[in-house]
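Everything below concerns the one structure shown next.
This structure is a prediction, so every number in the text was calculated from the model and none was measured. What's counted below: heavy atoms across the whole structure, side chains too, no hydrogens, waters or symmetry copies. In the text below, chain A, chain B and the rest are named by the order of the sequence lines, each starting its count at 1.
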There are 2 protein chains.
Amino acid sequence: MTSAGEVRVLLVDDHPVVRAGLRAMLAGFEGIAIAAEASDGRAALKELDRLSALGEPPDVVLMDLQMGEGMDGVTATAEIRKLSAPPPVLILTTYDTDADILAAVEAGASGYMLKDAPPEQLRQAVLQAAAGGTVLAPRAAALLMDRVSNPGTSLTPREVQLLELLATGLSNRAIAKQLFVSEATVKTHLVHIYGKLGVDNRTAAIAAATQRRIIRPPGANG
Amino acid sequence: MTSAGEVRVLLVDDHPVVRAGLRAMLAGFEGIAIAAEASDGRAALKELDRLSALGEPPDVVLMDLQMGEGMDGVTATAEIRKLSAPPPVLILTTYDTDADILAAVEAGASGYMLKDAPPEQLRQAVLQAAAGGTVLAPRAAALLMDRVSNPGTSLTPREVQLLELLATGLSNRAIAKQLFVSEATVKTHLVHIYGKLGVDNRTAAIAAATQRRIIRPPGANG
DNA sequence: CGGCGGATCAATCAAATGGTTGACTCTGGA
DNA sequence: TCCAGAGTCAACCATTTGATTGATCCGCCG
């Protein structure tokens, strides 16, 4: 909290509607104020710069992960963390998939909340993050716990690479050619992948991997 | 417009933040008022019932398609259209995939707008829909135009539906069960789909369909 | 050093998928 | 009315994929 007892928030979301909602919601809370808004990561960095120059840096950045255009939330978070005396970044997003959460945490976010959280919970999260605390949505917390307890379940880089080719619609033979290995090798990898993802065919593997954001859906932007 | 010169809107969205945003945004417009809010399709129908009983039905329903729990937007739209003297339903959603657009139009929506639309555009859309007009996002309009001009090239609603199940990783047999048809029928559809998309296997079909935004990548929910 | 896990390959068999042809019904439009 | 297109189903066969087992090579770590 600042000396004035007000937590100043920088909103980053590409949807005008969502920004309006957060603005209305947060402004209605005691002790929280909107410092500025941005519609993508690049703009957020600019705003941060501007506010710092004015000697009024925000106490917390409320950041969406999915951004239609411009710099995405993960990149923006990482960039912000590179600054000197960076403000805590609280992720507020729609999805709670493994890779989203992992990517956010790795980028240096201090919290991960979902947009469907009730207002009061959101308020608490903002205050906690601003105070230097960590705040995680239940799923996010569970995922991180699971990661440290049994790390053997995650895919190897090679397997991820295979999944990416798989998702483009290539056959085993085509994948084998691309990777300069035999078709047998591709099959072996696939079996391992199926086991780790808990599926039993390639389309399900793509679906699962996409869902967990292990891979990016073809033609995805943001 | 009503005799009072006010367009009364029923908001349907499962996210408190989005509802707050729409509320703030619409309430700020001249001639638009919020009649009621609902967090899912079922609740929307109830609200509609209640308002009608009061003799104050809304002039337009602003509906999200993706709803985390409860009745989804497409079903709700279809249900609303079954009522006597149903209000126009304006879809306001995050995605502009063929599948979403087609489903909404088939359900009887009078408009399809995206959440990232600028406020002024949203205002216009609400007024137009309330006045009995049709309002479409650019991509939605283009899709429908394409539909009528060359119906042979584009996928049929049934084929799109199949693609969606395909993308979730289901086998032909599983898809057949879901759709209450035989496996042979599924195969026939798939062959047609492959032909139209210019591919020769299911994973490539998923990739192509995702890329062309015919379907939403698996795992993209509310 | 010894072992473990990742990556590679082979062979085999069962199952699923893909390709083809032909046919029936129904609906909407020329 | 007649036809085109959508949706449905069947039978058949070639190809691909999945499952299993077992093996070699290599780099890293205790």
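- At whole-Å resolution of the value, CG in B:N172 and P in D:dA10 are 15 Å apart.
- Side-chain contact between B:H15 and B:D64 is absent, with no heavy atoms from C-beta onward closer than 4.5 Å.
- If you measure from atom CG of A:L162 to atom C1' of C:dA7, you get 11 Å, rounded to the nearest angstrom.
- The CG atom of B:N201 sits 15 Å away from the C1' atom of D:dG18 (whole-angstrom rounding).
- Of the candidates C:dA16, C:dT17, D:dT8, the closest approach to any side-chain atom of B:R158 belongs to D:dT8.
- In this structure, A:R173 atom CZ and D:dT17 atom P are separated by 8 Å, rounded to whole Å.
- Sorted by first and then second residue, the salt bridge (charged side-chain N to carboxylate O under 4.0 Å, His left out) pairs with a member in residues 174-194 of chain A read A:R173-A:E183; sequence neighbours excluded.
- Among residues two or more places apart in sequence or in another chain, the side-chain hydrogen bond (donor to acceptor under 3.5 Å, both in side chains) test is passed with B:D40 by none.
- Between B:L90 and B:L92 the shortest side-chain heavy-atom distance does not fall below 4.5 Å.
- Rounded to 10 degrees, the angle between the two end axes of the helix from C:dC1-D:dG30 to C:dA30-D:dT1 is 40°, with five pairs used at each end.
- Residues passing the salt bridge (charged side-chain N to carboxylate O under 4.0 Å, His left out) test with B:R50 are B:E47, sequence neighbours excluded.
- For the segment residues 177-194 of chain A, the set of residues with a heavy atom within less than 4.0 Å of an atom of DNA chain C comprises A:V181, A:S182, A:A184, A:T185, A:T188, A:H189, in numerical order.
- In this structure, of C:dT17, D:dA19, C:dA16, it is D:dA19 that holds the atom nearest to the side chain of A:D200.
- Every residue two or more places apart in sequence or in another chain was checked for a side-chain hydrogen bond (donor to acceptor under 3.5 Å, both in side chains) with B:S52, and none qualifies.
- Between the C1' atom of D:dA6 and the CD atom of B:E159 lies a distance of 8 Å, rounded to the nearest Å.
- Applying the side-chain hydrogen bond (donor to acceptor under 3.5 Å, both in side chains) criterion to A:N172, with sequence neighbours excluded, gives A:R202.
- Annotation: salt bridge (charged side-chain N to carboxylate O under 4.0 Å, His left out) contacts of B:E79 (sequence neighbours excluded): B:K82.
- Partners of B:R42 by side-chain hydrogen bond (donor to acceptor under 3.5 Å, both in side chains), not counting sequence neighbours: none found.
- Spacing between atom CZ of B:R202 and atom P of C:dA15 amounts to 18 Å, rounded to whole angstrom units.
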